[in-house]
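Encoded as structure tokens, the structure appears first; notes follow it.
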Amino acid sequence: MKAEGYKGRKGADFNVMLVKRILDKENFYKGSYNYGGIESVGEYEPIQQGNHDG
């Protein structure tokens with residue numbers, strides 16, 4: 001990712017921790033969000049395709 005010029009949202013180079021944070025939020029990128037035990041499906045097109053079950 002770094003070699004291809006991708007940057008994090010604040011312009012930082014991609015590193016192991018940044019990639020881990022993205023992977024930990026997989027459901028968010030599929031269009032689903034869980035907070036306090038309540039799951040919500042977003043009204044936006046998901047970045048990553050897949051089901052909302054995780």
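Side chains included, hydrogens not; waters and symmetry mates left out as well; all remaining heavy atoms used. Just so it is clear, the structure is predicted and the values come from calculations on it, not from any experiment.
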Listed partners of Tyr35 passing side-chain contact (heavy atoms from CB on, under 4.5 Å), at least two apart: Tyr33
Residues in side-chain hydrogen bond (donor to acceptor under 3.5 Å, both in side chains) with Asp13, at least two apart? Lys7
Let me have the donor-acceptor pairs involving side chains of residues 15-24, under 3.5 Å, with sequence neighbours excluded, atom names and distances please.
from: Asn15; atom 1: OD1; to: Met17; atom 2: N; distance (Å): 3.0
from: Asn15; atom 1: OD1; to: Leu18; atom 2: N; distance (Å): 2.8
from: Lys20; atom 1: NZ; to: Asp24; atom 2: OD2; distance (Å): 2.6

